Amino acid sequence: MSVHGSTTDHVDAARADTVVDRSTVSRVGARPHLFRYIGQLFTYRHFVLFDARARVAGSSTNDSLGRLWMVLNPILNGATYFLVFGILLGTGRGIENFIGYLIIGVFMFRYTTSAVTSGSKSIVGNRAVIRAFSFPRATLPIAVNVRELLSNVPTFVMMFILILMIPPAEDISWTWLLFFPVLALQFIMNLGLSLFLARMVARWNDVTHLIAFGTRAWLYISAVFFSVERFEDTPLLIGLMHANPMFCVLDITRDALLYGGVGDPGRWLVLGGWALGSLVIGGIVFWQAEETYGRAQ
Amino acid sequence: MTVPSDITSTDHDLGPDGGSQDLSSAPTVVIDRAGLTYTVRTLTAPASGSPKRRWLKGLRASRMSRVEALRPLSLVIHHGESVGVIGTNGSGKSTLMNMITGRLRPTTGTIHATSTPIMLGVNAALVRTASGNDNITLGCLAMGMTPAQVEAKRPSIVELSGLAGKLHLPLRSYSSGMASRLQFAIATSVDPEILIIDEALNTGDAQFRDRTRARIDELREQAGCVFLVSHSLNTIKTMCTRVVWIEQGELIMDGPPAKVTANYRKYTKLLSEGLKDEAAEFRAMRQKSLRLTTVTWT
């Protein structure tokens with residue numbers, strides 16, 4: 001390498017002070033504008049779907065009963081609640097078809113619990129993938145939520161079968177179709193919460209402990225195994241109940257599947273508001289920290 | 001201390017290739033005073049403070065420590081350059097490479113590039129419960145390919161990994177060597193403009209090593225700009241047109257391979273002889289003659 005001679009100093013000076021045209025380069029790993037980010041997420045839809053499917057298939061291969069646990073788990077849970085609340089404590093008194101009431105509560109609530117819990121861990125649990133490839137990180141919480149939706153399909157089918165079989169057996173009516181819009185709103189709400197919590201857990205791992213506690217507390221205040229009518233004398237509690245999106249999910253589903261109703265319009269409004277609000281807020285909160293997710297804690 | 005004259009022949013470090021490099025061409029990677037300081041939780045029991053404070057800290061069983069992984073440094077890399085990165089373990093090489101790929105955001109300064117740099121490493125970025133085939137699809141989709149492109153690439157990935165016939169098995173049944181082969185085959189299925197190659201790639205049996213070497217050479221020829229992190233100074237000398245030496249989070253030298261590697265070899269020799277002070281002195285001397293790059297934006 002011959003760099004000696006009169007040009008050397010000139011060359012070196014050119015290297016030492018480099019003029020760069022800002023338009024030719026872009027900052028590496030830069031977080032795109034929110035709308036471009038959403039566009040990017042759309043181009044990664046195949047990744048989201050494939051990731052969700054691959055993980056559903058592989059999720060329970062460690063257990064010899066495999067995916068059967070997706071159904072056995074809520075049934076065993078429901079049986080426990082029935083024993084404790086229905087028979088020992090008698091909270092089911094006065095509720096028409098308490099078993100159906102309980103089954104819907106347990107099965108539907110379980111879906112949100114597992115979706116939000118695994119969604120909140122979607123960043124910390126995938127740090128290796130995040131460090132290996134650059135892709136919009138929001139695909140991970142989305143994929144987890146799609147996975148939870150797919151893996152809960154057998155659970156929901158089991159829920160219908162139990163409602164149809166266990167006396168007093170219900171009949172299928174057109175109001176059963178309302179299950180789908182409720183599930184869609186529930187999915188959106190879960191996704192919004194997952195996005196929000198995924199950022200929190202990525203920043204402070206301690207939040208996972210609070211989430212475990214929070215979902216448990218939420219379960220107890222969402223009228224899963226008791227009727228909200230027991231608070232009839234306390235308008236404040238009733239008001240809080242009606243503002244609780246999970247109570248809205250359960251109330252509309254029970255009305256549609258057990259009692260042949262279409263759900264109170266107020267419940268639909270509250271649930272829709274929570275779903276949309278959490279998706280917008282969770283999405284923005286998640287996107288703001290896009291560049292930090294590869295960092296080790 | 002005496003330093004052989006062949007490694008101090010010039011007063012300050014020169015750019016690789018000297019005048020042969022077209023310096024008026026647009027830079028590919030611009031590192032502008034980028035540095036990284038981070039805080040980590042440590043488990044060490046605090047030794048200071050009142051007993052009450054100590055008890056409280058002991059309860060948390062962790063405290064925060066600040067680590068300066070990389071002091072702010074500037075580098076401008078042009079199209080066609082192959083940059084070797086050397087330094088002892090823990091010097092900050094990997095931190096710099098992670099910052100160039102955009103996975104770590106510098107806490108000060110910025111890093112710009114003409115396109116997203118791709119890093120080939122050994123981290124097992126794969127889903128352990130999914131099959132080898134599914135991992136190929138996942139990895140390729142994560143790199144932004146369409147499903148059609150994935151299918152087009154699949155045969156060459158399978159061939160490079162040498163795992164045909166085992167790809168229906170879940171990844172957790174693979175040995176670590178097999179998993180890293182698969183990872184390598186997936187990661188190299190794209191032809192990046194800016195490529196970062198981590199030294200630890202050359203693991204595995206001889207047969208795979210040859211295939212890896214061939215594929216890296218192929219990629220290197222196609223890429224506009226390559227960073228090679230390696231402890232093998234011979235590899236660096238044969239493959240690179242410029243070498244950057246980083247030590248204890250600081251840029252020590254930046255110049256032609258022969259000269260920088262000679263200085264580095266001298267430094268490591270001093271270290272292995274236990275002459276820590278002499279080594280530090282030597283390092284400081286080399287660093288002093290380093291001419292810092294400044295970046296002016298237009």
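Everything numeric in this text was worked out from a predicted model, so none of it was measured. Throughout, a chain's letter reflects where its sequence line sits, starting with A, and its residues are numbered from 1.
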Tell me, for [X] versus chain A, whether the close heavy atoms (under 4.5 Å) come from the side chain, the backbone, both or neither.
X	value
B:Thr116	side chain
B:Ser74	neither
B:Met145	neither
B:Ile118	neither

Evaluate the side-chain proximity of A:Leu150 to A:Arg53: yes if any heavy-atom separation is below 4.5 Å, no if none is.
->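 The answer is yes; the side chains approach within 4.5 Å.
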Non-hydrogen side-chain atoms of B:Ile31 and B:Val295 separated by less than 4.5 Å =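 Contact flag for B:Ile31/B:Val295 side chains = no.
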Within 45° of the ring axis of B:Tyr174 and under 6.0 Å from its six-membered ring centre, is that where the NZ or CZ of B:Arg172 lies?
->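 No cation-pi geometry.
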Could you pull out every donor-acceptor pair under 3.5 Å between side chains of residues 212-220 of chain A and any protein atom, sequence neighbours left out?
residue  : atom : partner  : partner atom : Å
A:Thr215 : OG1  : A:Ile211 : O            : 3.0
A:Thr215 : OG1  : A:Ala212 : O            : 3.1
A:Trp218 : NE1  : A:Asn244 : OD1          : 2.9

Does a side chain donor of either B:Thr241 or B:Glu81 reach within less than 3.5 Å of an acceptor in the other side chain?
->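 The criterion, which ignores hydrogens and geometry beyond distance, is not satisfied for B:Glu81 and B:Thr241.
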Which portion of A:Ser26 sits near chain B, non-hydrogen atoms under 4.5 angstrom =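 For A:Ser26, heavy atoms of backbone and side chain both lie under 4.5 Å from chain B.
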Could you tell me which of B:Ser131, B:Pro117, B:Ala142, B:Gly102 has the largest number of non-hydrogen atom pairs under 4.5 Å with chain A?
->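 It is B:Ala142.
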